[in-house]
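Input: a single structure, listed below in structure tokens.
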Amino acid sequence: MTSNANVPYLPDDLMTPAEVAAAFRVDAKTVTRWAKRGKLKAVMTLGGHRRYRVADVRAALAGVQP
């Protein structure tokens with residue numbers, strides 16, 4: 001069996017709010033607020049949870065000023 005730990009995300013893969021928060025170094029609630037304000041697109045799961053497309057997160061990260 002192979003591990004998926006080193007496999008890069010595919011463009012349609014989804015990230016949890018915690019994963020996005022770690023990428024931006026903010027709290028997960030901040031990511032949720034961004035989604036509510038339309039600053040970051042979210043996909044709603046059948047269970048009502050937000051998920052974020054990797055491509056959208058990468059695009060947002062590229063626009064962040066250090």
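Residues: numbered from 1 along the sequence shown.
With sequence neighbours excluded, the residues satisfying side chain to side chain contact (heavy atoms under 4.5 Å, CB included) with A28 are P17, A21.
Counting only residues at least two apart or on different chains, the side chain to side chain donor-acceptor pair (under 3.5 Å) pairs with a member in residues 23-38 are T30-R33. The ring pair (Phe, Tyr, Trp, His ring centres under 6.0 Å) analysis of residues 37-60, with sequence neighbours excluded, yields no pairs.
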(message) Set out, in order, the CA-CA distance, both residues' side-chain angles and the distance that settles side chain to side chain contact (heavy atoms under 4.5 Å, CB included) for V54 and L14, then state yes or no.
(response) CA-CA 6 Å; V54 172; L14 301 176; over 6 Å; no
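Considering V20, T16, D13 in turn, T16 is the only one that fulfils the side chain to side chain contact (heavy atoms under 4.5 Å, CB included) rule with R51.
Between R50 and M44 the shortest side-chain heavy-atom distance falls below 4.5 Å.
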